[in-house]
There are 2 protein chains.
Amino acid sequence: MKNKQIQEQRIKGYFIQATKDILKGEGLKSISVRNIADQAGYSYATLYNYFSDVNELVFECVKDFQQECETIIQQEVINEAQGIDRIKAISRAYVKYFVQYPGIFELFFLEKPAKGQEETLQLINTFFDRLCLADWQYCISKTMVPLRSVEVVKQQLNYMLTGMMLFYLNRRHPIDYAAMLQNLDVQLLHILS
Amino acid sequence: MKNKQIQEQRIKGYFIQATKDILKGEGLKSISVRNIADQAGYSYATLYNYFSDVNELVFECVKDFQQECETIIQQEVINEAQGIDRIKAISRAYVKYFVQYPGIFELFFLEKPAKGQEETLQLINTFFDRLCLADWQYCISKTMVPLRSVEVVKQQLNYMLTGMMLFYLNRRHPIDYAAMLQNLDVQLLHILS
DNA sequence: TGAAAATAATTAACATTGTTAATTATTTAT
DNA sequence: ATAAATAATTAACAATGTTAATTATTTTCA
């Protein structure tokens, strides 16, 4: 029976949407089974008919957020010159996205996964590289950059950005947004040149 | 009356020691008021006579762990050549320490601070730089390294290490320890040369 | 030294959390 | 339309952080 699956997906969607709204708004600290169910218009126990636990539900939001983030970034960097310049722009937009939605940063990098989240973890771990894939390939094809060290630089960039966001969002360092962005530019200039 | 303060400090010490033991052993997930009090040999409510809340208690461990970490690292790098080589060795020992005690990593970089933890946050944010301070000064004094970019490289190193540990400990990337350490060496070579 | 006052420690209690079991409501099949 | 199946809800439990009420202990000083 196909209707059954359609309806099930629909209801799962309501819970996922509720979770996403809470994550974007109040953040991870406000995620609770009862909060989500309220927002979705169901009782808290109903959630367990569609998800094995709250962890699974929360991690199901990752794909949607990646989609949204990618779309936003692509719009933001569309006028940048392909290659290094665009990688810089992507990096900036990437940081801006997570700083705007700290709850999504927490979900992506801080929230502890339960068993069976290997697939989602893989999505998270490869996300930034996927965002830059085309531009790195462009750089390689034009031999704008030493081929051997591309993998190293990609990784370095990813680690640097994540570390920077962690210190800014979780350790209030630096204190103000402008200083962080300036810092970011300095780092990008140093790594990608 | 001085005795009062001595005794108070002693009992605070019992709670702090209990918290440290749990963090080094079971990790942050096992931190709870009742667990800590059990381990300290007191009732859970007694804790609130000495600490305003569990957050304050947990962050009071930071200083001790930094002391321990610094001592371990200093012993481990004592035979390294001063300067870049020792900075590399410090970085490796730093990562090893947090990988050995993931609960301490969580405390330092993941745990959300409450109000009034600015001082501890400052300690955390400057920790790695303090570990390398003497060797960077040596590098500068010997003009082994372009003076202008030292600050940038220091920051980059700190962000890279933290990001790397975050991905390894929290996102299982890479999966095995050896690969992570090898990765680390590649990154250190690339950043510090 | 022994009763009164101060201090420390404990138990009781509350609200919140995730999760499961028992129960009720609704939909589906015959 | 009634029986069976499915979905949704309420009740309940254990664990959490925290505060209030109560009990135990130590200190003060006559």
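So that the names make sense, note that chain A is the first sequence line, chain B the second, and so on, each numbered from 1.
When distances are taken from the side chain of Arg34(A) to each of dT9(D), dT17(C), dA13(C), the shortest belongs to dT17(C). Nearest to the side-chain atoms of Ser32(B) among the listed nucleotides dT16(D), dT10(C), dG18(C) stands dT16(D).
Close to dA8(D), at under 4.0 Å from its OP1 or OP2, lies no side-chain N or O of Ser43(A).
Residue Asp38(A) contributes atom CG, which lies 12 Å from atom P of dG18(C) at whole-angstrom precision. Rounding to whole angstrom units, NZ of residue Lys12(B) and C1' of dA9(C) are separated by 17 Å. In this structure, Leu47(A) atom CG and dT19(C) atom P are separated by 9 Å, rounded to whole Å. Separating the OH atom of Tyr48(A) from the P atom of dT23(C) is a distance of 21 Å, rounded to the nearest angstrom. What separates CG of Asn35(B) from C1' of dG17(D) is a distance of 13 Å, to the nearest Å. Regarding Arg10(A), its CZ atom lies at a distance of 17 Å from the C1' atom of dA8(D), rounded to whole Å. In this structure, the CG atom of Asn49(B) is 13 Å from the C1' atom of dA24(D), given to the nearest Å. Rounded to a whole Å, the CD1 atom of Ile36(B) is 11 Å from the P atom of dT16(D).
Residues of residues 13-30 of chain B having a heavy atom closer than 4.0 Å to DNA chain C: none are found. Applying a 4.0 Å cut-off to non-hydrogen atoms, the residues of residues 50-63 of chain A that approach DNA chain C are Asp53(A), Val54(A), listed by residue number.
Gln187(A) is not listed as a side-chain neighbour of Ser91(A), based on a closest heavy-atom distance of 4.5 Å or more. Within the 4.5 Å cutoff, no side-chain heavy atoms of Gln9(B) are placed close to those of Ile6(B).
For the pair Arg92(B) and Asp185(B), the salt-bridge criterion is met [side-chain N within less than 4.0 Å of a carboxylate O].
Rounded to the nearest 0.5 Å, atoms NZ (Lys112(B)) and CZ (Arg171(A)) are 9.0 Å apart. Atom-to-atom distance recorded for Ile73(A):CD1 and Ile90(A):CD1 is 7.0 Å, nearest 0.5 angstrom.
Less than 6.0 angstrom separates the ring centroid of Phe98(A) from the ring centroid of Phe109(A). Residues Phe15(A) and Tyr42(A) bring their aromatic ring centres within 6.0 Å.
Tyr101(B) carries Lys24(B) over the face of its six-membered ring, with the cationic atom under 6.0 Å from the centre and within 45° of the normal.
Comparing Tyr44(B) and Glu8(B) along DNA chain C, the residue whose closest nucleotide (by nearest heavy atom) sits nearer the 5' end is Glu8(B).
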Discussion item. Working note: Asn49(A) + Glu8(A), criterion side-chain contact (heavy atoms from CB on, under 4.5 Å); need CA distance, chi angles, decisive distance, verdict.
Written reply: CA-CA 10 Å; Asn49(A) 293 332; Glu8(A) 182 173 325; over 6 Å; no
